[in-house]
Amino acid sequence: MRVLSLLVCLTPLAAGLAVAPTAAADEAARLVEAINVYRSEVRQCAGQGRGDLTPLAVDSRLVLPVSGVGDLQQEVARTGYPMVTVQAISLSGPRDAQAAARALQDSFCQVLLDPQYTDIGVNHTLRDWRIVLARPLLTGNLGDWQAEGQRLLELINSARAQARRCGAESFAAAAPVRWNASLALAAESHSRAMANQNFFEHRDRQGHTPGDRAELAGYQGRAIGENLAAALDTPRKVLDGWLASPGHCATLMNPQFAELGAAYAVDPKSDAGIYWTALFGAQ
């Protein structure tokens, strides 16, 4: 169980400034939205590219008092949140969500772009903010990787059957994709590598791209797309995360893709615990 609290003071508190509860909740929601937009694209952070992550889900149990001075683990435990990892960031100074987002990106990009976190709670009073990110216990109710990969394929095809918007881009309903054993083996291999080697990237530790891994597995298609997810413990959560992320959603809805292989892998010693790969192909 990992617990960490961070604090940054930016500017003095403006005397007499008051924020109505509804306005405070709106600003908290705007900050979560800004964080998720930031996570959705690859960013330069600590000298390397990070991001391309599914959105954080708001969990009311993580909306902790701004003035919390006690033990973070005990605070979260009292709410009933089944915590594995939790981290809290306190800001003092930003007057609104936009300013708070800039402060977080400047000072805490590695926390915001950490794939192990799935849930978030934001609270603020006046110019004081408390942002809590966490990962819950895995349910442990999954079948083998092939069964869950096939379940993910079913959910993807249900999503492709409906027209939708992925961010600013509109997609018509697309034909279903079919299971491909070579893509599935490549997906399982990459999920296993991420879990066992504790990383989360499209390029593996040998420098192979998704296209390289598909080719090495025997796939002869002309185009490859890949979606990744981490720390999400059901195919439904994975799909919902991808649909809420413009880039992942666009890959999922791309009409040129006709085949799919998908798999997950688990390693309790890794940061995120569980890792998913979906490889889309077009012949």
Side-chain angles (χ1 to χ4, degrees), residues 1-4 6 35-36 38-57 83-87 104-105 108-120 133-138 140 142 144-145 148-149 152 182-217 219 224-235 237-239 241-242 245 247-248 251-252 260-280:
M1 185 176 294
R2 296 181 289 275
V3 181
L4 181 62
L6 304 165
I35 290 170
N36 280 333
Y38 183 71
R39 285 168 54 92
S40 71
E41 300 176 1
V42 175
R43 312 280 182 170
Q44 281 298 310
C45 173
Q48 60 181 311
R50 299 168 180 261
D52 192 23
L53 302 173
T54 54
L56 297 166
M83 173 192 64
V84 171
T85 304
V86 64
Q87 185 153 304
L104 290 170
Q105 293 163 21
F108 302 107
C109 69
Q110 293 184 74
V111 178
L112 298 187
L113 300 178
D114 191 329
Q116 71 178 302
Y117 296 118
T118 61
D119 299 327
I120 188 171
L133 298 94
R135 172 169 81 85
L137 290 165
L138 301 180
L142 291 171
D144 65 33
W145 70 267
E148 299 302 335
L152 188 53
S182 296
L183 291 177
L185 288 174
E188 193 278 334
S189 176
H190 191 55
S191 292
R192 177 61 55 194
M194 289 191 293
N196 293 161
Q197 300 171 36
N198 197 29
F199 73 97
F200 184 77
E201 297 176 24
H202 290 287
R203 189 180 293 273
D204 65 25
R205 292 300 191 235
Q206 287 71 48
H208 295 142
T209 66
D212 294 333
R213 293 193 297 274
E215 184 177 358
L216 288 169
Y219 187 72
I224 290 291
E226 184 177 72
N227 276 356
L228 303 179
L232 300 172
D233 59 3
T234 68
K237 291 179 183 177
V238 171
L239 178 75
W242 286 343
S245 169
H248 295 91
T251 299
L252 187 153
L260 175 77
Y264 78 93
V266 173
D267 189 328
K269 294 181 290 187
S270 64
D271 287 341
I274 184 170
Y275 298 78
W276 298 79
T277 304
L279 270 177
F280 297 81

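Values below: all heavy atoms of this structure, side chains included; hydrogens, waters and symmetry mates excluded.
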* Would you check if P210 and R213 make a side-chain contact, meaning some heavy-atom pair closer than 4.5 Å? => yes
* **Beyond-backbone contact of T277 with M194, side-chain heavy atoms, under 4.5 angstrom** => yes
Return the minimal non-hydrogen interatomic distance between [X] and [Y], and the atom names on each side.
| X | Y | result |
| --- | --- | --- |
| D119 | P136 | OD2-CD, 3.7 Å |
| N196 | D267 | ND2-OD2, 3.1 Å |
| L56 | Y117 | CD2-O, 3.2 Å |
| A272 | P115 | CB-O, 4.5 Å |
| I224 | A214 | CD1-CB, 3.7 Å |
| H248 | N227 | O-ND2, 3.1 Å |

Looking at [atom1] of [X] and [atom2] of [Y], how far apart are the two atoms once the value is rounded to the nearest 0.5 Å?
| X | Y | atom1 | atom2 | value |
| --- | --- | --- | --- | --- |
| T209 | R203 | OG1 | CZ | 6.0 Å |
| L133 | Q116 | CG | CD | 9.5 Å |
| L216 | L185 | CG | CG | 12.0 Å |
| L260 | L252 | CG | CG | 8.5 Å |
| E188 | L183 | CD | CG | 13.5 Å |

* To do: Ignoring hydrogens and angles, state whether a donor on the side chain of D204 or H190 is under 3.5 Å from an acceptor on the partner side chain.
  => no
* Asked: So, are R43 and E41 salt-bridged, with charged N and O less than 4.0 Å apart?
  -> yes
* To do: Walk me through it: do S270 and Y275 pass the test side chain to side chain contact (heavy atoms under 4.5 Å, CB included)?
  => CA-CA 10 Å; S270 64; Y275 298 78; 3.3 Å; yes
* side-chain hydrogen bond (donor to acceptor under 3.5 Å, both in side chains) between S245 and T54, intermediate numbers included -> CA-CA 6 Å; S245 169; T54 54; over 6 Å; no
* Start with the C-alpha gap between I120 and I35, add the side-chain angles, then the distance that decides, and say whether side chain to side chain contact (heavy atoms under 4.5 Å, CB included) holds. => CA-CA 10 Å; I120 188 171; I35 290 170; 3.7 Å; yes
* To do: Show your reasoning for whether side chain to side chain contact (heavy atoms under 4.5 Å, CB included) applies to R50 and Q110.
  => CA-CA 8 Å; R50 299 168 180 261; Q110 293 184 74; 3.6 Å; yes
* Asked: Counting only heavy atoms not in E201, do more than 12 sit closer than 6.0 Å to its CD atom?
  -> yes
* Measure from the ring center of Y264 to the ring center of W276 and say whether it is less than 6.0 Å. => yes
